[in-house]
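Read the structure below first, then the notes.
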Amino acid sequence: FKQKTAYEIMPSLVGSEMCIRDSIQTSVRNTGPRLMIQDELHLIREGFGSIVSHFETLLESMKEEFTGTGFKHIATTATISGAENQIRQLFLKKIRIFPPESIKQISGLFFEKDSVGTYGVGRYIYGLKPNMRDNQYATLLTLRYIIEAVISLKENPKIISKKLGVEDSLVVKNLKKYISYLTYHSKKADVHSTKFYLKDVVESKFPDEMRREIRSITLTGDDSTEYVKEQIKLLEKVEKEDFKFYITSATNIVSHGVDIDSWNVIIFQGMPRSTAEYIQALSRVGRKAIGLVFVWYYPNRVRDLDFYRNFEFYHRSLNWHIEIVPIARWSKLVFDQTIPSVFSASVLNYLAEKLRRPIYTDEHFVEVIVDGNPDDVDTNYSMLIEFLLRSYLRGESNRQTKIIDSILKKKTDEIRKYIYNDIIYGRKSYYFPKRLSWKNSGNKFRLLYGLRGVQDMLYFTPDHTTKYFIDKLGRGGYD
């Protein structure tokens with residue numbers, strides 16, 4: 001199983017990634033894919049996870065229909081709580097968890113010991129609260145002092161080499177592990193303002209020749225994939241350069257899948273929104289050397305002050321503060337979002353395979369499930385409905401699923417009638433799912449071409465009185 005350095009559970013103790021899997025029966029008919037692997041399971045959550053859950057069971061149902069067996073799922077995550085419910089919502093399956101949640105049962109399995117048989121330190125975490133200053137200024141001062149310390153020790157390594165009884169060259173070699181820094185922010189505005197004030201608070205305190213050795217990078221969700229890849233390649237080469245300092249200011253875009261070995265210092269501007277995000281973010285550092293984590297709490301926020309006051313207790317029990325993953329498979333809103341796409345996919349793949357004929361044009365659609373031979377149309381449509389119910393409900397039977405049963409049948413019939421009416425009275429089209437596009441069907445029936453922007457847009461327009469006030473205010477008409 002895949003293993004990651006996930007998070008510190010207690011001092012000198014590094015946790016492993018949790019692995020969740022299920023089992024299936026084998027069959028000689030199974031010629032399709034058999035293994036489904038999901039990394040970072042805790043990210044499949046909220047509206048995104050709820051929508052994904054319907055397509056997961058759609059794929060499973062098609063797999064069973066065409067090959068006689070389902071998937072074996074393996075899901076990994078380092079930060080999760082309530083895994084049983086999340087897996088139930090996503091796949092409608094039970095789980096086995098490896099390793100067990102009890103620390104005593106896994107204490108010797110995923111943790112490394114040093115040469116004398118003790119657990120080594122992975123990261124030092126410092127909780128700090130600024131006085132008379134905001135935590136962004138404190139973040140910038142921390143960067144300045146760390147850079148000053150590295151430069152001073154590089155120029156005079158004997159300051160600590162004599163105390164430690166090591167060669168000067170070893171001191172300089174280890175200093176190069178601390179020349180790339182990550183500042184972590186909850187808001188994009190803080191990322192850009194940190195970069196803006198970096199020149200005045202940090203760079204201006206060094207000679208001109210030293211300033212040229214300090215480089216600043218920003219990473220947010222607004223950046224393109226190409227830009228992010230370029231910056232990652234640049235940061236991966238940091239230790240090979242001769243003491244050039246790199247300061248990366250980022251949002252949670254770096255908390256998953258961005259593994260930079262040169263990052264060994266992270267400074268948080270405030271506490272992240274959740275414990276899971278905090279664990280993922282601080283695990284960006286300390287991969288190849290001891291990591292230094294500075295958390296500058298907001299001095300005027302009750303939540304941050306509470307974390308500050310309970311700093312030691314919180315970090316000693318960090319694993320138990322992870323929030324339960326929210327996911328709602330049975331939400332009517334989610335069904336409204338997915339039924340058009342699942343309906344189209346089932347016609348194009350399941351029904352076409354069952355009837356051994358293509359069904360993708362307007363003509364095919366009408367002939368097979370609307371206005372062909374009456375007996376065949378009824379049989380085909382009933383077959384489609386039964387598959388949709390199997391796909392969505394997976395044999396579940398309770399009060400909730402009975403409601404979903406009626407919603408699904410009603411919605412499917414509405415979609416069928418809508419497509420047929422659009423074929424007769426609408427614009428010409430060759431491909432029947434195109435009639436469920438955003439442009440053609442508005443907000444009533446639409447296909448999911450992606451999972452970005454699946455929520456309805458809300459538009460605000462000022463009324464006459466408000467518009468008059470705004471216009472006059474813009475012209476300086478009010479004091």
Side-chain angles (χ1 to χ4, degrees), residues 123-155 172 174-220 231-232 234-239 241-255 258 260-272 278 281-299 304 308:
R123 303 172 191 87
Y124 289 103
I125 305 176
Y126 303 91
L128 306 158
K129 178 174 71 71
N131 294 319
M132 309 301 292
R133 283 286 189 176
D134 62 90
N135 61 354
Q136 185 175 71
Y137 184 76
T139 296
L140 292 165
L141 281 182
T142 305
L143 287 169
R144 171 186 156 189
Y145 294 147
I146 292 175
I147 294 173
E148 286 179 348
V150 170
I151 293 172
S152 175
L153 290 172
K154 180 201 169 203
E155 293 174 349
V172 175
N174 279 281
L175 283 175
K176 290 195 72 174
K177 297 176 181 178
Y178 298 92
I179 60 175
S180 182
Y181 316 109
L182 173 63
T183 65
Y184 192 90
H185 311 268
S186 296
K187 298 183 294 184
K188 288 182 285 188
D190 290 335
V191 170
H192 298 298
S193 60
T194 298
K195 179 180 173 67
F196 178 80
Y197 289 113
L198 192 68
K199 185 174 182 179
D200 290 335
V201 181
V202 180
E203 295 178 15
S204 64
K205 308 304 178 183
F206 297 96
D208 289 342
E209 63 273 11
M210 190 62 239
R211 292 181 199 176
R212 289 191 289 269
E213 304 301 319
I214 300 176
R215 302 182 181 183
S216 177
I217 297 170
T218 59
L219 293 174
T220 71
Q231 303 312 309
I232 290 174
L234 179 66
L235 292 168
E236 286 173 341
K237 301 175 182 178
V238 166
E239 288 188 34
E241 300 186 16
D242 186 22
F243 281 93
K244 291 182 179 179
F245 296 90
Y246 289 83
I247 300 170
T248 305
S249 300
T251 58
N252 61 359
I253 189 177
V254 301
S255 62
V258 180
I260 308 295
D261 289 342
S262 63
W263 279 343
N264 290 309
V265 178
I266 184 172
I267 306 171
F268 287 90
Q269 184 187 346
M271 190 67 186
Y278 177 58
L282 68 84
S283 68
R284 298 308 99 190
V285 304
R287 292 173 175 267
K288 296 293 184 180
I290 294 175
L292 301 178
V293 180
F294 299 89
V295 187
W296 279 104
Y297 295 103
Y298 281 94
D304 274 45
Y308 176 73

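The structure displayed is predicted, hence computed values, not measured ones. Numbering starts at 1 and runs along the sequence shown.
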Look up atom CD in Q136 and atom CG in L141, then write down how far apart they are to the nearest 0.5 Å.
11.0 Å
Check whether any side-chain heavy atom of I146 lies under 4.5 Å from a side-chain heavy atom of L292, and answer yes or no.
no
Side-chain contact, heavy-atom cut-off 4.5 Å: F245 with I151?
yes
Looking only at heavy atoms, the pair that brings D261 and N264 closest together is O-ND2, 3.7 Å
Of T142, T139, T183, which is the lone residue that meets side-chain hydrogen bond (donor to acceptor under 3.5 Å, both in side chains) with W296?
T142
Partners of Y298 by side chain to side chain contact (heavy atoms under 4.5 Å, CB included), sequence neighbours excluded?
N135, D190, Q269, N300, R301, D304
Sequence-distant partners of R212, salt bridge (charged side-chain N to carboxylate O under 4.0 Å, His left out), two or more places apart
none
Can you pull the salt bridge (Lys or Arg N to Asp or Glu O under 4.0 Å) pairs that have at least one residue in residues 130-149, sequence neighbours excluded?
R144-E148
Looking at residues at least two apart in the chain, or sitting in another chain, which of them share a salt bridge (charged side-chain N to carboxylate O under 4.0 Å, His left out) with D208?
R211
When rounded to the nearest 0.5 angstrom, what is the spacing between NZ in K154 and CD1 in I179?
9.5 Å
Intermediate values then yes/no, side chain to side chain contact (heavy atoms under 4.5 Å, CB included), Y184 and V295:
CA-CA 9 Å; Y184 192 90; V295 187; over 6 Å; no
Would you compute the distance between atom CG of L235 and atom CZ of R215 and round it to the nearest 0.5 angstrom?
11.0 Å
By ring-ring contact (aromatic ring centres under 6.0 Å, His included) - contacts of Y278 (at least two apart):
F268, H315
Side chain to side chain contact (heavy atoms under 4.5 Å, CB included) between L219 and V258, intermediate numbers included:
CA-CA 11 Å; L219 293 174; V258 180; 5.6 Å; no
Approximate separation, where rounding is to 0.5 Å, of T218 OG1 and K188 NZ:
11.5 Å
Applying ring-ring contact (aromatic ring centres under 6.0 Å, His included) to Y126 and not counting sequence neighbours gives F294
Can you list everything that forms a side chain to side chain contact (heavy atoms under 4.5 Å, CB included) with E213? Sequence neighbours excluded, please.
M210, K244
List the atom of S249, the atom of T194, and the distance in Å for their closest heavy-atom pair.
OG-CG2, 3.6 Å
Heavy-atom closest pair, residues T251 and T220
OG1-CA, 3.6 Å
Test I260 against R284 for side chain to side chain contact (heavy atoms under 4.5 Å, CB included), laying out the working first.
CA-CA 7 Å; I260 308 295; R284 298 308 99 190; over 6 Å; no
CG of N174 to CD1 of I290: how many Å apart, nearest 0.5 Å?
9.0 Å
What residues form a ring-ring contact (aromatic ring centres under 6.0 Å, His included) with F206, not counting sequence neighbours?
none
Applying side chain to side chain contact (heavy atoms under 4.5 Å, CB included), can you list everything that pairs with S152, at least two apart in sequence or on another chain?
I159
Under the rule for ring-ring contact (aromatic ring centres under 6.0 Å, His included), what residues qualify as partners of Y181, not counting sequence neighbours?
none
On a heavy-atom basis, the closest approach of P299 and P130 is CB-O, 3.6 Å
Minimum heavy-atom distance S180-S262, with the two atoms named
CB-O, 3.5 Å
With sequence neighbours left out, the residues meeting side-chain hydrogen bond (donor to acceptor under 3.5 Å, both in side chains) with Q231 are none
My understanding is that only residues two or more places apart in sequence, or in another chain, count here; which of them pass side-chain hydrogen bond (donor to acceptor under 3.5 Å, both in side chains) with D200?
none
Interatomic distance, Y197 atom OH to H192 atom NE2 [nearest 0.5 angstrom]:
14.0 Å
Show the nearest heavy-atom pair for residues V150 and L175, with the distance to one decimal.
O-CD1, 3.9 Å
